[in-house]
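Everything below concerns the one structure shown next.
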Amino acid sequence: MCVTNGVEQQLGYYVRFLHLSYHVPQTLAVLYWSRLSGHIGRKPVLLTASFAIATTMLSFGLPRTFLGLLVSRVICGAFNGENGVIKSMMMDMTDATNMLKAYGYIPLPSMLATIIWSVVDRSLDQQTDSLKYPYLLACAVPALCASFVWLVVYFRLKESVSTRASLWEMIKRWLLKYSEEDPTRQHQGRFHLALRSLQRS
């Protein structure tokens, strides 16, 4: 795959564009994920983020076009909302006696991952240059790590939010609120009654 058409000066432009395609959706979505975790719980959001990282990192090594790479990074950024949720979970699980110590451990995993990956990445690239998808193995390693995190969160992590609602309940509440705030909609009465029956079910 060559998107620069041999013009190496354009390589930095496309790399920056890929970085933006991840960080912009993440910035726009992270507050909504944090708010959602307060309603449905921290654990479902962390599971969603881990699953998104695993699947999109693996798919990042498969596309043969720049558009495929772009779509993979946008999806990963939009569904990767664990940063604020982890800090919120730290607040739930700690108190004044151990909060500072717990927050001090938050950067360690990313630091260790950066150090290890700088060594592993070069060796993986050298071993896969002749393959059809030379970057698949390099992308499969973080995908495997994210899958391991998903399993740990699913089986070992305890939910820190005591009162939480199901996603279906939140959707019904939002539909009811939307119908009450917009009285000019046609057939509002019929729609409102249908929503009330859903709420009672």
Side-chain angles (χ1 to χ4, degrees), residues 1 14-93 102-125 127-128 131 133-161 164 167 170:
M1 178 181 62
Y14 286 100
V15 171
R16 287 194 297 270
F17 202 73
L18 278 179
H19 278 288
L20 285 174
S21 67
Y22 170 81
H23 290 291
V24 170
Q26 185 185 38
T27 303
L28 295 175
V30 65
L31 293 179
Y32 293 98
W33 284 115
S34 298
R35 290 181 59 186
L36 184 64
S37 70
H39 293 284
I40 67 173
R42 320 290 189 202
K43 190 173 180 178
V45 176
L46 293 178
L47 289 172
T48 303
S50 300
F51 179 78
I53 294 173
T55 54
T56 54
M57 284 305 300
L58 188 63
S59 65
F60 191 73
L62 294 174
R64 309 293 291 180
T65 63
F66 183 75
L67 180 61
L69 297 176
L70 197 65
V71 171
S72 177
R73 296 304 289 165
V74 168
I75 295 174
C76 184
F79 283 88
N80 187 10
E82 88 283 2
N83 291 332
V85 178
I86 290 175
K87 294 179 176 64
S88 300
M89 180 168 275
M90 283 289 187
M91 290 286 294
D92 299 336
M93 299 171 64
Y103 270 87
Y105 289 115
I106 290 181
L108 286 181
S110 60
M111 292 178 182
L112 290 174
T114 302
I115 295 172
I116 295 172
W117 185 246
S118 62
V119 178
V120 175
D121 183 41
R122 185 173 297 274
S123 62
L124 290 176
D125 287 342
Q127 296 175 8
T128 58
L131 298 178
Y133 299 101
Y135 304 107
L136 181 59
L137 184 58
C139 294
V141 173
L144 185 62
C145 294
S147 301
F148 176 75
V149 170
W150 190 94
L151 292 173
V152 172
V153 171
Y154 184 80
F155 288 107
R156 302 296 300 175
L157 185 67
K158 295 181 179 180
E159 180 59 66
S160 60
V161 177
R164 59 182 187 274
L167 185 60
M170 288 192 61

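Heavy-atom basis, side chains included; hydrogens, waters and symmetry copies ignored.
For the residue pair Asp92 and Val161, the shortest heavy atom distance occurs at OD2-CG2, 4.2 Å. Contact detail for Arg42 and Met89: the closest heavy-atom pair is CB-CE, 3.2 Å. Heavy atoms only, all atoms of each residue included: Glu159 and Pro44 are closest at OE1-CD, 3.6 Å. Considering every non-hydrogen atom in both Ser72 and Thr56, the closest pair reads OG-O, 2.8 Å. Val30 and Thr27 get closest at one heavy-atom pair: CG1-O, 3.6 Å. Closest approach of Pro25 to Ala78, counting heavy atoms only: CB-N, 3.7 Å.
The side-chain heavy atoms of Met91 and Ser160, taken from C-beta on, include no pair separated by under 4.5 Å. A heavy-atom distance below 4.5 Å is found between the side chains of Leu18 and Ser21.
Remark: Ile40 CD1 to Thr48 OG1 distance equals 6.5 Å, nearest 0.5 Å. Interatomic distance, Lys43 NZ to Lys158 NZ, rounded to the nearest 0.5 Å: 10.5 Å. Annotation: the span from Leu62 atom CG to Leu69 atom CG amounts to 10.0 Å, rounded to 0.5 Å. Atom OG of Ser34 sits about 8.5 Å away from atom CG of Asn83, to the nearest 0.5 Å. One finds the CD1 atom of Ile75 at 10.0 Å from the CG atom of Leu70 (value rounded to the nearest 0.5 Å). Interatomic distance, Met57 CE to Leu136 CG, rounded to the nearest 0.5 Å: 11.0 Å.
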Tabulate below the donor-acceptor pairs under 3.5 Å that side-chain atoms of residues 137-157 make, not counting sequence neighbours, or state none.
{"residue": "Ser147", "atom": "OG", "partner": "Ala143", "partner atom": "O", "Å": "2.9"}
{"residue": "Trp150", "atom": "NE1", "partner": "Leu47", "partner atom": "O", "Å": "3.3"}

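Classification of the Trp33-Phe79 ring pair by plane angle, with boundaries at 30° and 60°, yields tilted.
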